[in-house]
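Read the numbers this way: they start at 1 and go in the same order the structure lists the ligands and their atoms.
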Amino acid sequence: MKNYKAIAVFSGGLDSILSVKWMQKLGYTVYPVFFSAPYFPADKAQYSARENGLDLIVHDITPEHLLMLPNPKYGYGKHFNPCIDCHALLFATAGKMLEEMNADFIISGEVLGQRPMSQRKDAINAVAKLSGIKDLIIRPLSQRLLAPTLPIREGWVDIDQLLDIQGRGRHRQMALAKELGIMYYPMPGGGCLLTDTGYSKRLRELLDHNITDPYQIELLRFGRHFRLSPEVKFIVGRDKHENDAISALYQGSIFFDLPDYPGPVGILTGGEIDQNLISLAASILMYYNKKAPSDQPILYGEKTLDHRIAVTRANPQKIEQLRIG
Ligand code: SF4
């Protein structure tokens with residue numbers, strides 16, 4: 001008998017681990033794939049897969065996701081999270097990978113009724129329809145409660161071997177994890193920055209300026225952001241962790257620091273930068289370093305801090321006017 005193979009749309013959470021392990025237990029070859037973008041990076045899923053002995057494939061879908069994000073057919077959740085369109089894109093992309101991976105169908109860890117918005121029956125159906133591969137998706141944890149898709153109708157998968165989990169409770173999943181010897185799984189939620197208020201506002205603002213440069217998107221994860229011109233932003237660290245991250249990410253930007261007075265660092269980045277923008281950026285950095293005397297010069301430069309500028313601190317109204325989010 002043919003050894004049927006499946007691609008798993010893998011999030012790294014318990015339900016996706018269970019769906020992969022369950023299908024493996026039934027004898028299927030499963031390729032777990034994590035679809036990544038700067039606002040849902042792969043690190044947590046990679047850790048989760050490693051801890052569970054799964055060979056994870058990471059597939060970057062940033063360009064396609066950024067195309068969909070400004071105008072999702074099914075709109076957004078509470079923030080900038082277009083969950084139905086996003087899920088559909090993951091499935092559609094997995095569908096395109098079937099041939100190259102010589103796989104037959106797609107699985108996912110969705111559980112009927114677990115999340116009020118995205119896992120209602122109508123939402124699951126909308127995702128499947130929008131993905132264009134509706135008939136090739138199997139949800140091993142809930143499939144007995146759903147309409148049979150092609151792998152079931154064709155007998156590639158026996159419906160009686162699949163499960164009927166539904167609802168928000170987690171006790172059946174916990175018991176199944178124990179049965180399958182799953183020792184590690186992360187707490188639910190928290191993996192997608194599109195559900196974060198501040199990040200969502202910063203990303204939306206960037207896309208409103210038609211900026212999709214991956215470096216600029218990467219920078220959105222850290223610091224306070226200020227729009228100084230249609231192309232140029234100034235970013236100021238909020239704590240040591242963010243100062244370190246901004247310093248590490250800094251490339252092709254102008255770096256600002258007050259090395260003798262502990263406090264934030266900043267970078268000016270994005271486009272044409274003139275002396276007015278440098279003065280404005282320096283005045284913002286001074287605003288956030290209350291310990292430095294008002295006439296203290298700020299050091300700045302591209303590769304080395306070989307320039308100095310003394311400026312008046314920006315006032316709170318200016319900060320409010322320029323700050324994004
Ligand atoms: S929470 Fe984020 S990653 Fe998950 S479906 Fe929604 S938009 Fe996509």
Side-chain angles (χ1 to χ4, degrees), residues 7-20 32-49 56-97 106-134 137 139 141-142 168 170 173 185-207 212 214 217-218 220-221 325:
I7 291 177
V9 175
F10 186 81
S11 69
L14 175 59
D15 295 338
S16 66
I17 302 168
L18 286 172
S19 66
V20 173
V33 180
F34 181 84
F35 294 97
S36 72
Y39 27 85
F40 36 85
D43 47 353
K44 286 185 188 151
Q46 281 171 314
Y47 183 79
S48 177
L56 185 65
I57 297 163
V58 176
H59 185 95
D60 182 5
I61 52 156
T62 306
E64 303 92 310
H65 209 276
L66 284 174
L67 266 183
M68 171 276 289
L69 192 53
N71 197 16
K73 185 165 181 212
Y74 285 89
Y76 303 101
K78 204 168 162 200
H79 298 290
F80 200 25
N81 49 315
C83 291
I84 291 183
D85 290 66
C86 174
H87 269 145
L89 178 62
L90 307 191
F91 282 123
T93 313
K96 287 184 193 147
M97 295 167 76
I106 314 283
I107 66 165
S108 96
E110 287 159 297
V111 168
L112 187 61
Q114 185 177 87
R115 302 222 177 94
M117 289 301 285
S118 62
Q119 294 184 4
R120 290 189 325 251
K121 207 170 217 169
D122 56 345
I124 285 183
N125 283 335
V127 166
K129 198 167 160 210
L130 192 59
S131 72
I133 53 148
K134 183 175 186 230
I137 304 171
R139 282 92 176 184
L141 305 185
S142 286
R168 305 188 74 170
R170 309 277 291 164
Q173 285 96 315
Y185 48 89
M187 296 304 285
C192 174
L193 287 166
L194 298 178
T195 61
D196 177 276
T197 314
Y199 186 93
S200 297
K201 284 183 181 159
R202 295 193 290 276
L203 179 57
R204 205 188 275 266
E205 193 271 352
L206 199 67
L207 298 183
T212 53
I217 294 175
E218 186 68 19
L220 296 177
R221 289 162 58 199

Are Phe10 and Ile17 close enough, and set up right, to give a side-chain contact (heavy atoms from CB on, under 4.5 Å), and what steps lead you there? CA-CA 7 Å; Phe10 186 81; Ile17 302 168; 4.0 Å; yes
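Using a 4.5 Å cut-off on side-chain heavy atoms (C-beta onward), Ser131 and Ile137 make contact. Side-chain contact check for Pro82 versus Met68: some heavy-atom pair is nearer than 4.5 Å. Two residues are said to be in side-chain contact when any heavy atoms from C-beta on lie closer than 4.5 Å; His79 and Leu194 fail this criterion.
Ligand-side atoms of ligand 1 in range of Pro82: 7 (S), range being under 4.0 angstrom from any heavy atom. If you number the atoms of ligand 1 from 1 as listed, the ones under 4.0 Å from a heavy atom of Phe40 come out as 3 (S).
The nearest N, O or S atom of Cys83 is closer to atom 6 (Fe) of ligand 1 than 2.8 Å.
Ring centers of His65 and Phe35: at least 6.0 Å apart, outside the cut-off.
Closest to atom 2 (Fe) of ligand 1, if we only count protein heavy atoms, is Cys192 SG, 2.3 Å. At the shortest separation from atom 8 (Fe) of ligand 1 among protein heavy atoms lies Cys86 SG, 2.3 Å.
Closer than 4.0 Å to atom 4 (Fe) of ligand 1 lies none of the heavy atoms of the protein.
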